[in-house]
Amino acid sequence: MAINCLRGVPRTPFLSKPNSLIPPPLLFSRRAPLVVTAAAFTPMSYDKELAAAKKAAFKLMFLLYADFGGLSVLGFFSLTGKVQKALLQSDVHSKSDKSPVTVADYGSQAVVSFILEKELPTESFSLVAEEDSGDLRKESGQETLKRITKLVNDTLVNEEAYAIATFSMEDVLRAIDNGKSEGGSSGRHWVLDPIDGTKGFLRGDQYAIALALLNEGKVVLGVLACPNLPLASIGGNNQHSSESSHDKVGCLFFAKVDEGTYMQSLDGSSPVKVHVSAIENPEEASFFESFEAAHSLHDLSSSIAKKLGVKAPPVRIDSQAKYGALSRGDGDIYLRFPHKGYREKIWDHAAGSIVVTEAGGVVTDAAGNPLDFSKGKYLDLDTGIIVTNQKLMPSLLKAVRASIEEKVSSL
């Protein structure tokens with residue numbers, strides 16, 4: 001099957017403030033013609049930002065297997081889940097909210113901070129991320145901090161830009177605390193989840209490295225690295241699979257605003273443009289949901305699927321790998337309905353949402369509203385998150401509303 005690998009042509013945005021781009025003499029001269037060059041209409045490309053984000057994602061994948069130095073890219077991505085679990089099981093800690101955090105979580109956040117600051121030195125740096133150094137600064141955290149510092153230095157030791165210096169423990173603490181930004185609607189903010197799906201990572205299942213860039217509250221690029229996601233489809237749709245991809249594991253998805261979504265394997269092969277499924281009949285659809293029942297109301301998802309007439313059982317996997325799989329058409333619907341009182345964080349959805357929308361999909365809350373990433377660290381949304389293609393969205397929204405109303409009336 002032929003695959004369209006051509007980069008989409010960026011659409012030109014409406015120029016809302018043309019006068020700011022015209023030299024003063026032209027603004028006030030009655031004789032001078034009004035001339036605006038094509039360059040004035042050229043949208044921001046975010047090429048250097050995307051390159052930096054991809055570099056950070058690849059470095060993090062090497063960090064996660066740092067103890068297996070010397071393996072080729074294909075070698076360390078063929079490690080079994082059991083090896084992955086054994087590698088980090090002893091380095092798991094519990095945060096105040098009882099969620100697991102690993103040495104790799106902290107180290108990954110520090111590495112991303114170092115790389116983005118180095119690669120984009122002229123930009124004001126703001127990082128919204130999950131971890132902070134509070135526990136590491138305590139006496140009980142000193143041994144953990146030493147391991148994190150070694151991991152960071154080992155990861156960057158072969159990087160020319162960093163080879164002249166060794167990072168101290170204080171350098172690492174500062175880099176981790178760069179993630180304390182609150183985000184918001186003004187300026188640029190990087191959004192990171194270094195190991196999205198920590199429980200899946202520890203089980204040897206799906207997890208993702210998720211990095212996105214916000215500009216004035218809008219997601220403008222996203223990178224999703226999914227080291228355990230097969231290159232071939234995990235659903236019934238094989239639109240982006242080939243004979244050579246069936247035994248390969250590990251995918252990198254990336255997207256820029258108005259330029260589409262691309263997927264590449266982790267062996268350095270060329271990216272291919274991907275798109276969501278084109279299924280129109282809900283009965284033929286399949287859907288993803290969270291692996292952990294604590295993360296989403298499986299009974300509500302089941303009710304929605306029943307109203308739609310979906311026959312296939314749900315595919316339950318961890319992390320934003322679901323967004324990546326849906327962007328290439330592995331499934332058709334992703335449903336997430338957290339338990340009452342839970343607030344969605346932007347780092348759990350920023351990268352995944354642009355990967356899907358640039359692939360032609362739709363990401364909204366349960367009321368059909370687009371996700372708003374301009375409010376800070378949290379998403380203020382109605383009930384849950386639904387993701388699908390353009391054709392299925394009307395019937396999906398109808399089923400979601402009916403199921404939610406039934407659930408409320410039964411309480």
Side-chain angles (χ1 to χ4, degrees), residues 10-17 20 43-46 48-50 52-53 56 109 112-113 116-117 120 123-132 177-194 196 208-224 253-261 319-320 322-323 327 334 336-338 341-388 390 393 397:
R11 295 192 293 273
T12 302
F14 178 71
L15 188 60
S16 58
K17 296 182 180 179
S20 64
M44 302 182 81
S45 69
Y46 301 106
K48 62 179 182 179
E49 291 85 354
L50 179 60
Q109 189 162 311
V112 168
S113 176
L116 293 181
E117 282 193 295
L120 306 167
E123 297 184 8
S124 176
F125 184 68
S126 170
L127 178 65
V128 185
E130 188 166 8
E131 314 305 341
D132 64 62
D177 283 340
N178 275 344
K180 286 184 175 180
S181 172
E182 292 294 323
S185 60
S186 177
R188 289 186 173 194
H189 307 280
W190 288 95
V191 180
L192 170 70
D193 195 337
D196 179 44
I209 295 162
L211 182 59
L213 177 63
L214 303 183
N215 190 8
E216 307 301 326
K218 304 292 184 183
V219 185
V220 294
L221 72 82
V223 172
L224 269 184
F253 298 90
F254 59 92
K256 288 193 298 180
V257 63
D258 295 332
E259 293 195 20
T261 296
S319 81
Q320 290 178 72
K322 293 183 284 291
Y323 280 108
S327 76
Y334 166 31
R336 180 179 171 94
F337 297 99
Y342 181 81
R343 297 182 71 189
E344 294 282 6
K345 289 95 169 175
I346 61 174
W347 52 73
D348 287 327
H349 301 283
S353 65
I354 192 170
V355 162
V356 167
T357 56
E358 283 298 312
V362 190
V363 183
T364 74
D365 67 11
N369 304 307
L371 303 189
D372 185 354
F373 292 92
S374 70
K375 303 297 185 182
K377 289 187 173 184
Y378 296 95
L379 291 171
D380 292 328
L381 45 78
D382 187 323
T383 309
I385 293 174
I386 56 178
V387 186
T388 189
Q390 301 273 358
M393 182 55 86
L397 272 175

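Just so it is clear, the model here is predicted, and its values are computed rather than measured.
Listed for the Ser113 side chain is no donor-acceptor partner under 3.5 Å among the backbone atoms of Gln109. Side-chain atoms of Glu182 never come within 3.5 Å of backbone atoms of Lys377 as a donor-acceptor pair (strictly under, hydrogens ignored). In this structure a side-chain-to-backbone donor-acceptor pair under 3.5 Å is present from Thr261 to Val355. In this structure, Lys256 contributes its side chain and Tyr46 its backbone to no donor-acceptor pair below 3.5 Å. A side-chain donor-acceptor contact under 3.5 Å links Asp365 to the backbone of Gly368.
Scanning all heavy atoms of the two residues, the minimum distance from Ala366 to Leu397 falls at O-CD2, 3.6 Å. Closest heavy-atom contact between Ala359 and Ser327: CB-O, 3.5 Å. The two atoms that bring Glu216 and Ser186 nearest to each other are OE1-CA, 3.6 Å, heavy atoms only. Taking each heavy atom of Ala350 and Ala212 in turn, the nearest pair found is CB-CB, 3.7 Å.
Side-chain polar atoms of Asn178 and Glu117 form a donor-acceptor pair below 3.5 angstrom. Side chain to side chain, Gln320 and His349 fail the donor-acceptor criterion of an N or O pair below 3.5 Å.
Here the OG-OH distance, from Ser353 to Tyr323, works out to 6.0 Å after rounding to the nearest 0.5 Å. A distance of 9.0 Å separates CG of Leu214 from OG of Ser181, quoted to the nearest 0.5 Å. Within the model, atoms CD1 of Ile346 and CZ of Phe373 stand 7.5 Å from one another, a figure rounded to the nearest 0.5 Å. Considering OH of Tyr378 and CG of Asp348, their distance stands at 10.5 Å, rounded to 0.5 Å. Rounding to the nearest 0.5 Å places CD of Glu259 at 9.0 Å from CG of Leu50. Here the CG atom belonging to Leu224 is positioned 10.0 Å from the CD1 atom belonging to Ile209, to the nearest 0.5 angstrom.
Thr364 is not listed as a side-chain neighbour of Ile385, based on a closest heavy-atom distance of 4.5 Å or more. Side-chain contact check for Leu120 versus Phe125: every heavy-atom pair is 4.5 Å or farther apart. Residues Met393 and Ile386 form a side-chain contact, since some pair of their non-hydrogen atoms from C-beta on lies under 4.5 Å apart. Between Leu213 and Val191 the shortest side-chain heavy-atom distance does not fall below 4.5 Å. Within the 4.5 Å cutoff, no side-chain heavy atoms of Asn215 are placed close to those of Lys218.
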Worked verdict on Val356 versus Tyr334 for side-chain contact (heavy atoms from CB on, under 4.5 Å): CA-CA 11 Å; Val356 167; Tyr334 166 31; over 6 Å; no

Any chance you could lay out the side-chain contact (heavy atoms from CB on, under 4.5 Å) test for Arg343 and Asp380, step after step, and finish with the verdict? CA-CA 8 Å; Arg343 297 182 71 189; Asp380 292 328; 3.8 Å; yes

Please walk me through it: do Glu49 and Leu221 pass side-chain contact (heavy atoms from CB on, under 4.5 Å)? CA-CA 8 Å; Glu49 291 85 354; Leu221 72 82; 3.6 Å; yes

Between Glu130 and Trp347, does the side-chain contact (heavy atoms from CB on, under 4.5 Å) criterion hold? Intermediate values first, please. CA-CA 8 Å; Glu130 188 166 8; Trp347 52 73; 3.6 Å; yes

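Here Glu123 pairs with Lys48, Arg188 under the salt bridge (Lys or Arg N to Asp or Glu O under 4.0 Å) rule; sequence neighbours left out. Applying the side chain to side chain donor-acceptor pair (under 3.5 Å) criterion to Ser374, with sequence neighbours excluded, gives Asp372.
Remark: Lys345 does not engage Asp193 in a salt bridge, criterion side-chain N to carboxylate O under 4.0 Å.
With respect to Ile354, the side-chain contact (heavy atoms from CB on, under 4.5 Å) criterion is satisfied by exactly one of Val223, Val363, Val219: Val219.
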